[in-house]
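As the structure lists them, so they are numbered: ligands from 1, and atoms in each ligand from 1.
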Amino acid sequence: THPQYTSGVLYLQQAEVTRERVYAMHQSSIDGVEDMSTLAELHEAAIMHNLFQRYQKDSIYTNIGSILAAVNPYKQIPGMYDLDRVELYSRHHIGELPPHIFAVANECYRCIWKRHDSQCVLISGESGAGKTESTKLLLQFLSVMSQNSAGTPPSEKTTPVEQSIVQSSPIMEAFGNAKTVYNNNSSRFGKFIQLHFSQSGNIHGGCIVDCILLCPALSVPSPTPVVLSALCTQSTPVVLSALVPSPLQWFCPLSVPSPLQWFCPLSVPSPLQWFCPLSVPSPLQWFSTWSAGTPSHNTSYLFNMLTTP
Ligand SMILES: Nc1ncnc2c1ncn2[C@@H]1O[C@H](COP(=O)(O)OP(=O)(O)OP(=O)(O)O)[C@@H](O)[C@H]1O
């Protein structure tokens with residue numbers, strides 16, 4: 001007897017369907033549009049219906065003027081982010097191809113030269129919306145563009161700097177993420193990621209700053225077992241020093257003490273150093289590669305995030 005709201009569709013009893021309540025849908029809403037600013041009827045139902053239609057066809061990206069809306073597909077869409085797609089979007093201006101995160105990344109990259117100014121991408125959404133994945137895709141695109149930049153000498157192609165940017169994501173997630181009711185891999189800090197480009201268009205360095213504390217409904221304590229196993233087996237003193245003391249401890253919404261405290265008492269050298277001689281190869285060498293190859297430039301180090309309270 002009551003209207004039910006299921007999957008964005010409003011169901012009415014036949015008696016409730018009157019001329020005053022129900023209108024014929026405009027053709028643009030029936031066909032679906034790539035840019036929702038072109039919808040003839042612009043209201044919540046039309047927007048949701050358009051997104052839903054496109055989502056069903058695996059078209060998860062939709063423009064709203066200069067804004068890109070992304071619907072999390074919660075599955076891998078074949079070919080969506082492969083190298084061919086990167087190269088395709090790198091050769092076209094925004095609007096020439098279907099909406100895509102790579103179109104935004106490409107526009108940003110081009111605008112650095114077009115406007116001779118810094119560019120910024122703001123990624124926002126609720127927990128589990130796909131912000132972190134979108135960030136990684138942007139970095140992936142910019143990394144490829146950096147490697148392909150005309151001014152990059154062949155000897156400097158595929159420099160560890162670009163590799164570090166992409167490869168640093170898992171380890172940053174391991175330190176900063178936790179399982180929540182919305183997302184198994186939820187970020188606990190908003191991040192400001194800054195990349196520095198040379199005149200020739202390749203990435204010379206960057207930094208990641210954790211800037212906003214997010215307070216999702218945690219379901220397991222952090223840091224994750226991934227961090228602990230990495231610490232126990234392969235940590236370096238560089239990272240150990242970053243852990244003492246951790247600003248995370250001040251904000252940590254958990255009632256249990258952080259397991260890191262067991263390993264890293266504030267006043268004494270960490271016992272982890274006994275287990276972690278410098279010569280042991282570590283996945284954390286990704287951090288150190290940020291300075292490699294660019295000694296003459298003002299490169300910011302990725303582990304700023306870990307060392308700056
Ligand atoms: N474009 C995508 N394609 C495929 N899967 C995706 C995509 N975006 C997100 N996902 C899936 O959704 C999960 C959650 O995404 P993500 O961690 O990026 O969300 P988030 O917005 O950063 O969440 P939180 O704010 O909680 O950190 C990912 O682990 C991934 O499995």
Check the pair E133, K136 against salt bridge (Lys or Arg N to Asp or Glu O under 4.0 Å), reporting the backbone distance first and the verdict last. CA-CA 5 Å; E133 293 299 316; K136 285 190 272 187; 3.2 Å; yes

Taking N or O atoms only and a 3.5 Å limit, does [X] qualify as a polar contact for ligand 1?
X    : answer
L137 : no
T132 : yes
K131 : yes
I60  : no

I need the atoms of ligand 1 closer than 4.0 Å to a non-hydrogen atom of [X], numbered in the order shown.
X    : answer
A129 : 19 (O), 21 (O)
E126 : 21 (O)
K75  : 3 (N), 4 (C), 5 (N)

Taking K131 for its side chain and E126 for its backbone only, find out whether a donor-acceptor pair lies under 3.5 Å.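 Side chain of K131 to backbone of E126: a pair is present.
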
Within the distance-only criterion (no hydrogens, no angle test), does the side chain of D35 pair as donor or acceptor with the backbone N or O of G65 below 3.5 angstrom?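 Flag set: sc D35 to bb G65 pair under 3.5 Å.
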
The criterion is side-chain hydrogen bond (donor to acceptor under 3.5 Å, both in side chains); which residues satisfy it with E96, sequence neighbours excluded?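 Not a single residue meets the side-chain hydrogen bond (donor to acceptor under 3.5 Å, both in side chains) criterion with E96.
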
Give the single entry among P73, G125, S124 that approaches atom 3 (N) of ligand 1 most closely by any heavy atom.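 Closest candidate by heavy-atom distance is P73.
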
Is I67 reachable from V71 through a run of hydrophobic residues whose side-chain heavy atoms are each under 4.5 Å from the next?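 The answer is yes; both residues are in one hydrophobic cluster.
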
For R19, what residues pass the side-chain contact (heavy atoms from CB on, under 4.5 Å) criterion, not counting sequence neighbours?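 Partners of R19 by the side-chain contact (heavy atoms from CB on, under 4.5 Å) criterion come out as none, since no residue qualifies.
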
